[in-house]
Amino acid sequence: MASNAAVPFWRSAGMTYITYSNICANLVRNCLKEPYKSEALAREKVHFSVAKWLDGKPQKPTVRSDTPEE
């Protein structure tokens with residue numbers, strides 16, 4: 001018998017834990033004073049590589065970023 005009494009509030013709000021933790025992290029970063037704020041925002045950027053596979057071999061990877069192009 002499952003009980004909903006101990007459901008975390010982020011789950012009750014329909015969020016995943018990753019979404020909740022990202023919101024909290026953004027709030028903390030925005031509360032920092034300079035120069036700590038700009039350092040934390042710089043660490044937030046994420047870059048990753050994506051490679052398509054064709055006939056069992058990887059093609060040339062493309063580097064992507066989660067930040068808009070400047």
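The chain is numbered in sequence order, starting from 1.
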Salt bridge (Lys or Arg N to Asp or Glu O under 4.0 Å) pairs touching residues 10-25, sequence neighbours excluded, are none
All pairs passing salt bridge (Lys or Arg N to Asp or Glu O under 4.0 Å) where residues 15-28 contributes a residue, at least two apart: none
All side chain to side chain contact (heavy atoms under 4.5 Å, CB included) counterparts of Q59, not counting sequence neighbours: L54
For S12, what residues pass the side chain to side chain contact (heavy atoms under 4.5 Å, CB included) criterion, not counting sequence neighbours? V7
The remaining residues in the hydrophobic cluster of V63, counting side-chain heavy-atom contacts under 4.5 Å among Ile, Leu, Val, Met, Phe, Trp and Tyr, are none
Which pairs of donor and acceptor atoms, one on a side chain in residues 17-28, lie under 3.5 Å apart (sequence neighbours left out)?
{"unit_1": "T19", "atom_1": "OG1", "unit_2": "T16", "atom_2": "OG1", "d": "3.0"}
{"unit_1": "S21", "atom_1": "OG", "unit_2": "Y17", "atom_2": "O", "d": "3.2"}
{"unit_1": "S21", "atom_1": "OG", "unit_2": "I18", "atom_2": "O", "d": "3.0"}
{"unit_1": "N22", "atom_1": "ND2", "unit_2": "I18", "atom_2": "O", "d": "3.4"}
{"unit_1": "N26", "atom_1": "OD1", "unit_2": "R29", "atom_2": "NH1", "d": "2.7"}
{"unit_1": "N26", "atom_1": "ND2", "unit_2": "N22", "atom_2": "O", "d": "3.3"}

